[in-house]
Protein chains: 4
Amino acid sequence: MARPLSEEKREAILTAAVDLVAAQGTGAPTAKIAKEAGFAEGTLFTYFATKDDLLNELFLEIEAELAAALLDDYPTDGSPYERTRHIWSRLIDWGAANPAKRKTIRQLKVSDRVSEASRCRASGLFEEIVGRLEGNLAGHVSTEYDAAYVSAILDTLAETTLEFIMRYPDKREHYKRAGFDAFWRGIAR
Amino acid sequence: MARPLSEEKREAILTAAVDLVAAQGTGAPTAKIAKEAGFAEGTLFTYFATKDDLLNELFLEIEAELAAALLDDYPTDGSPYERTRHIWSRLIDWGAANPAKRKTIRQLKVSDRVSEASRCRASGLFEEIVGRLEGNLAGHVSTEYDAAYVSAILDTLAETTLEFIMRYPDKREHYKRAGFDAFWRGIAR
Amino acid sequence: MARPLSEEKREAILTAAVDLVAAQGTGAPTAKIAKEAGFAEGTLFTYFATKDDLLNELFLEIEAELAAALLDDYPTDGSPYERTRHIWSRLIDWGAANPAKRKTIRQLKVSDRVSEASRCRASGLFEEIVGRLEGNLAGHVSTEYDAAYVSAILDTLAETTLEFIMRYPDKREHYKRAGFDAFWRGIAR
Amino acid sequence: MARPLSEEKREAILTAAVDLVAAQGTGAPTAKIAKEAGFAEGTLFTYFATKDDLLNELFLEIEAELAAALLDDYPTDGSPYERTRHIWSRLIDWGAANPAKRKTIRQLKVSDRVSEASRCRASGLFEEIVGRLEGNLAGHVSTEYDAAYVSAILDTLAETTLEFIMRYPDKREHYKRAGFDAFWRGIAR
DNA sequence: GATGAATGAGAATTCATTCAT
DNA sequence: GATGAATGAATTCTCATTCAT
């Protein structure tokens, strides 16, 4: 059996970790995470051998969730513009709906506790998305931009756009559109 | 005065802090920072009352340096495009030349140890730049984009571009140009 | 429960604290206290959240023990003189038997680490004794002396008497009697 | 020259020490004491080789001042009762006028930083007073009480009385009289 | 499997003292 | 003689991890 322990409890710990890492960074104590999850300190270590393991799995879990969200309900039949917009839309919607997870990812991305291996695996999770993006943009993007760079730009513009959306929630649709416009025009041939 | 508090030593501590915070995050021990700077543990605290003070001052110091770098040698006579490009160019050059400082800023930006007050003061340091940017782009930018958002996009694109430059140093000029193009086209009317 | 917090261990820490605070004052290191109690440094803090908590609880614990000792085996049927003497006798006996606790109490009483709240609660522990003293002395004491002042005099004379007893153990009974005589005569109408 | 350094500055440091030791105990930092006295940290150590020296000299200085105060204006011609009362009166007056010094003495008396030697020398300062007390009381005191014990009782009753005077300043004369009455009657034959 | 007490290696400070200026 | 920066040992407290129950 791959995972004999209760998946439910494992998730409870990861959920608690999201909140605490978002608020306090990777320095958040395992004891607090365990308590927030409703467990005793020691229990955390039956689900994650070390704190670093927890942090790395947390990272991968959120990245996987995000990757899945981006492709959910993907309009295979849509135009390249529509398909690209769909990914952007999901990016913004998921980010707006999960501010703590976004904050946690930002913390983890700058932490040396997340291993190179984890970062690689996380990259892998987005391979399909990058591939689709590449396909969608084939006729639109300038030759200056390779797929990885385009993806990174999309991601970073979404991040910035989300910051403005969090600051001015009333202008959510405005920034969502403006952000995508900047992307679409920016990379255009 | 016996020995005056030397600005030189203060800078030595900040310099050591840059390296260690870049590598280990805000959790880097003050003892290590002091030792790296060539001082005894206690000496750090004659220059910075608390670790939080050190972190906040470090943040402001780097931000101030960056802000100054962006306007250095600013081509007042240039065209709006040239002036904007100049800021972009400085952003990329400073970033490429100071990877540890960039990493440190990223660490500090996600840390709750950097106070709201420090963040405000840091914002203030970029006011003039944002103002000039706004002036430069007056005739170019789409009405969708307010000055703050434009500045944030410029900054985030530079950050992303720098990541690619660090990864592929050979393609520095390529990415530098491509990144600016994306910006200039992206926000265009 | 894994291992329950044991009252026994808590007492061991308090006992160690008595010895060290008596000898070194409230500056006695928690590490030494823990080691003297037979524990690792950190263990102390699972029983007392902070050193101040330890000190305050130590204070209250000793005061409670003393208060209990004074009323132990109290001769309800005795004459007022006998009953008052009984309290004096207990005071002296407890003090002579517990020199370290006496020393510790003296240290704690002059320390600003013992809170006003703790002092109040300690006062409360002696309320019954003060009340009984007042009743016992009703027919004997001069109107000059209120109950609180009488109690304070009894206490301070006992303290002084104990110092002489410690210095000249052979004369214990002599000083014990002489001290009480001074009290009884001193406050007489 | 016995003391080549400025006596004035030495006194300034001792005065500052009184306030700080009264408030914070012997743990009061030398740096704070120096600053309160108007000097730099290091200057303190040209007047007192170590903190322990400062503490011991502080102790002796205050004890000497008190001893002198008790005999000031001593009524050589008065009756034994009057002469004894005079000492009591001085004790109370000095104590009421110098609460910080009293508090400091209490701190120092329980501190292991005041050496046995200092305690002996302090005792010596009161020898004359004890002698006079003995003479005064020759015809009055019960044989139960040796001179040292009588002196200690006088001192401790004064201390207790002063506490009540500080708490109820309106009743100063009442407690001052009542305290002495308790002493005088208490030790009487 | 769950619990949480026990552990001890750090971590940030503090502070008496020294000594270059 | 005065100054106060420099020092590093000592202190309180935290926390990941272990393991007896």
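- One interatomic measurement links the two molecules: CG of D53(C) to C1' of dC13(F), which rounds to 12 Å at whole-angstrom precision.
- To the nearest angstrom, C1' of dA5(F) lies 14 Å from CZ of F48(B).
- Counting non-hydrogen atoms of other residues, nucleotides and ligands closer than 6.0 Å to NZ of K35(D) gives a total of 12 or fewer.
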Residues S115(D), S118(D); criterion side chain to side chain donor-acceptor pair (under 3.5 Å); working and verdict: CA-CA 5 Å; S115(D) 68; S118(D) 293; 3.1 Å; yes
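- D52(C) places its CG atom 12 Å from the C1' atom of dC13(F), with the value rounded to the nearest Å.
- Using a 4.0 Å heavy-atom cutoff across all strands shown, T50(A) reaches sugar-phosphate atoms only and no base atom.
- If you measure from atom NZ of K51(A) to atom P of dA9(E), you get 19 Å, rounded to the nearest angstrom.
- Rounded to whole angstrom, the span from the NZ atom of K32(C) across to the P atom of dA10(F) amounts to 10 Å.
- For E41(C) and dC13(F), a side-chain-to-base donor-acceptor distance below 3.5 Å is present, hydrogens and geometry of angles not being considered.
- Salt bridge E61(B)/R10(B): present, at least one basic N to carboxylate O contact under 4.0 Å.
- A sub-4.0 Å separation between OP1 or OP2 of dT7(F) and a side-chain N or O of T43(B) is present.
- Between G27(C) and R113(A), the residue anchored closer to the 5' end of DNA chain F is G27(C), taking for each the nucleotide with the nearest heavy atom.
- At whole-Å resolution of the value, CD in Q24(A) and C1' in dT14(F) are 13 Å apart.
- Within the 4.0 Å cut-off from OP1 or OP2 of dG1(F), not a single side-chain nitrogen or oxygen of Y47(D) is found.
- Rounded to whole Å, the distance from CZ on F45(B) to C1' on dA11(E) is 9 Å.
- Here E159(A) pairs with R102(A) in a salt bridge; the nearest charged N to carboxylate O distance falls below 4.0 Å.
- A close approach under 4.0 Å does occur between a side-chain nitrogen or oxygen of K9(C) and OP1 or OP2 of dA6(E).
- Considering only side-chain N and O atoms, T46(D) lies under 4.0 angstrom from the phosphate OP1 or OP2 of dA2(F).
- Counting non-hydrogen atoms of neighbouring residues, nucleotides and ligands closer than 6.0 angstrom, the CZ atom of R119(D) exceeds 12 such neighbours.
- DNA chain E is contacted by both A31(B) and L44(C); L44(C) maps to the nucleotide lying nearer its 5′ end (nearest heavy atom per residue).
- Using a 4.0 Å heavy-atom cutoff across all strands shown, A34(B) reaches no nucleic acid atom at all.
- Protein atom CD1 of I33(B) is 11 Å distant from nucleotide atom P of dA11(E), rounded to whole Å.
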